[in-house]
Amino acid sequence: MSNSFIVKNPATGEALATIERDSEEVILQKIATGNDAFQTWKKTNAHERSKLLSKWSTLIQEHKASIAEVMTKENGKPLAESLGEVDYATSYIDWYAEEAKRLYGRTIPSHANGKELIVQQHPIGLVGAITPWNFPAAMMTRKAAPALAAGCTFIVKPAEETPLTTIRLVELAHEAGIPEDVIQCVSGRGRVIGSLFTESPYIKKITFTGSTPVGKQLIKDSAATVKSVTMELGGHAPVIVAEDANIDLAVEQTIITKFRNAGQTCVCANRVIVHESIVEEFSKKLAERTKKLVVGNGLDQKTDVGPVINKGSYEKITDQIADAVNKGATILAGAQYDVDHDKEYYFIHPTILTDVTEEMDIMHEETFGPVAPITTYKELDEAIEIANNTPYGLAAYFFTDNYRIGNYLFNHLDYGIIGWNDGAPSAAHVPFGGMKESGLGREGGIEGIEPYLETKYLSIGNLYE
Ligand code: NAP
């Protein structure tokens, strides 16, 4: 088996770099080094860690243009989105540079004289992170920043499609003064590194963003050493458009949540559920707007939608379109493909499907591509039932100007992230994560640092009163 792999530009098929996979020996050595480094890093004070994180963020911003270009080349997303992702990535570092200084403990009023009860937060230890290709910068900093801020050491394995952005970010962390063995990158196949991480007694926490099947495997394997896990897994987001919704707003926000990153985000709209009285107007407007999106190489400034990541994705997405059409769906926009199998690039034009029913695969399988299926409802409870009819529970969206409908939807949708008249709810200072099979734990916000901390309780007795 080859011990190297080629990183390719998904828009052109061009080879960008050849990366050596670390041998098992090297990976185990890096894990041991990360564990040794923890013994000193955990003793640094919070203000020192905060300064180092801020320096890291500043350096990333200074190299923003080149990082964004690398990201567009390896991932395919439009350059404007890559620039936005660099900002999004550093927003997590900035947030946790501040949170490092606020890891307060507490003193609990005692139940007995001469006793004091004290609670402190301590870093959990060496963290093993595995990240996906769709947000190569932000998915890494969303984990690394709280881990380092808490006093943990960190070792990351990026997806083989997009390792270059992560490698660059780790180099910049070292340039900022964060010791080399405190934040490390390993290269290799996910299943190999996943096993080495979960089996290692040195790694105290696994944090993973990726597909639900891989997440389930990592949870299972982490049980052997009772590791803490944070899992950001798949999604199948519904968008409910109520009878009274501002249709133009709903169309614009659906475009944002559906077609960003060519539909390859875990919080992407995967089902659009529209009240039957407005479905015609909504679908027409959405299709007209969708047809204006420019498909192409992300480095071209005119491009709105880049390629999908690889052949496997292309086949899954086009199979879902074919299945829907075979079962009676109508194509209102898109469903054209610009493909070169030899050069290995795959473009799918943003697609709108109507007359979609529950029997179609697209209503149940994560699409991870630029296809919006539209279905209808009569009563609000029917919309909620369709929306919740999935093992996923990551993000949901709804559009209504009626506060009673909005409040009812918020309370009855089984989702961890909800956008009300908002297709872009994510930010560094809010909790991000899913219910049901979409994951365990939250990233971002004050919640996002808790998984990197152990609570230690001290009871002191026999004190002078
Ligand atoms: P994936 O196939 O699960 O891969 C994600 C990462 O896991 C890659 O680094 C991959 O490494 C590694 N991996 C693969 N098999 C593994 C195994 N058996 N053990 C350990 N690691 C393994 O997912 P993907 O296709 O790259 O990413 C898309 C998925 O991520 C979607 O389901 C999406 O919804 C989800 N996602 C979720 C969030 C969230 O916050 N909830 C955010 C973004 C994406 P290789 O390099 O070997 O492939």
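When a ligand or atom number is given, it counts from 1 through the structure's own listing order. Residue numbers start at 1 and run along the sequence shown. Side chains included, hydrogens not; waters and symmetry mates left out as well; all remaining heavy atoms used.
Near Ile130, meaning under 4.0 Å from one of its heavy atoms, ligand 1 places the atoms 6 (C), 7 (O), 9 (O), 12 (C), 20 (C), 21 (N). Near Phe368, meaning under 4.0 Å from one of its heavy atoms, ligand 1 places the atoms 28 (C), 31 (C), 33 (C), 34 (O). Listed by number with element, the atoms of ligand 1 under 4.0 angstrom from any heavy atom of Phe208 are 3 (O), 5 (C), 6 (C), 7 (O). Remark: ligand 1 atoms within the under-4.0 Å shell around heavy atoms of Ala159 are 8 (C), 9 (O), 46 (O). The atoms of ligand 1 that sit less than 4.0 Å from any heavy atom of Arg189 are 47 (O). Listed by number with element, the atoms of ligand 1 under 4.0 Å from a non-hydrogen atom of Arg142 are 40 (O). The ligand atoms of ligand 1 that sit less than 4.0 angstrom from a heavy atom of Glu160 are 46 (O). Of all atoms in ligand 1, listed by their number and element, those nearer than 4.0 Å to a heavy atom of Gly194 are 20 (C).
Close N/O approach between Thr212 and ligand 1 is not found [any backbone or side-chain N/O within under 3.5 Å]. Checked by distance only, ligand 1 and Trp133 come closer than 3.5 Å through their nitrogen or oxygen atoms. Geometrically, ligand 1 and Glu366 share a nitrogen or oxygen pair separated by less than 3.5 Å. No N or O atom of Thr209 sits closer than 3.5 Å to an N or O atom of ligand 1. The shortest N or O to N or O distance between Gly190 and ligand 1 is under 3.5 Å.
A salt bridge does not link Lys316 to Glu366: none of the charged nitrogens lies less than 4.0 Å from a carboxylate oxygen. A salt bridge links Glu160 to Arg21: one of the charged nitrogens lies within less than 4.0 Å of a carboxylate oxygen. No salt bridge links Glu14 with Lys73; every basic N to acidic carboxylate O contact stays at or beyond 4.0 Å. Contact check on Lys327 versus Glu359 returns no salt bridge, with no Lys/Arg side-chain nitrogen under 4.0 Å from an Asp/Glu carboxylate oxygen.
A cation-pi contact, defined as under 6.0 Å to the ring centre and within 45° of the axis, links Lys205 to Tyr452.
The closest side-chain donor-acceptor pair between Asn75 and Thr162, if any, does not fall under 3.5 angstrom. A donor atom on one side chain and an acceptor atom on the other are found under 3.5 Å apart for His349 and Asp338.
Annotation: atom 15 (N) of ligand 1 to nearest protein heavy atom, Val214 CG2, 3.6 Å. In this structure, atom 41 (N) of ligand 1 lies nearest to the protein heavy atom Leu233 O, 2.8 Å. In terms of protein heavy atoms, atom 44 (C) of ligand 1 is closest to Asn134 ND2, 3.3 Å. Atom 35 (C) of ligand 1 has as its closest protein heavy atom Gly210 O, 3.1 Å. Protein heavy atom in closest approach to atom 36 (N) of ligand 1: Cys266 CB, 3.5 Å. When hydrogens are left out, the protein atom nearest atom 11 (O) of ligand 1 is Lys157 CE, 3.2 Å; that is the closest non-hydrogen contact. Nearest protein heavy-atom neighbour of atom 3 (O) of ligand 1: Ser211 OG, 2.6 Å. For atom 8 (C) of ligand 1, the closest non-hydrogen atom on the protein side is Thr131 O, 3.4 Å.
Classified by interplanar angle (parallel below 30°, tilted 30° to 60°, perpendicular above 60°), the ring pair Tyr346/His341 is perpendicular. In this structure, Trp95 and His429 have tilted ring planes: the angle between them lies in the 30° to 60° band. Taking the six-membered ring where the residue is Trp, Tyr96 and Tyr92 present parallel rings, their angle staying beneath 30° rather than reaching 60°.
Taking all atoms of both residues into account, the shortest heavy-atom contact from Ala144 to Trp56 is CB-CH2, 4.1 Å. Listed here is the closest heavy atom pair of Tyr88 and Ala138: CD2-CB, 3.4 Å.
A heavy-atom distance below 4.5 Å is found between the side chains of Pro136 and Glu85.
At a 4.0 Å cut-off, not a single heavy atom of Phe197 sits close enough to ligand 1 to count as contact.
When non-hydrogen atoms are compared, ligand 1 lies under 4.0 Å from neither the backbone nor the side chain of Phe135. Of all the heavy atoms of His236, none lies under 4.0 Å from any atom of ligand 1, so neither backbone nor side chain is involved.
A distance of 8.5 Å separates OG1 of Thr72 from CG of Asn297, quoted to the nearest 0.5 Å.
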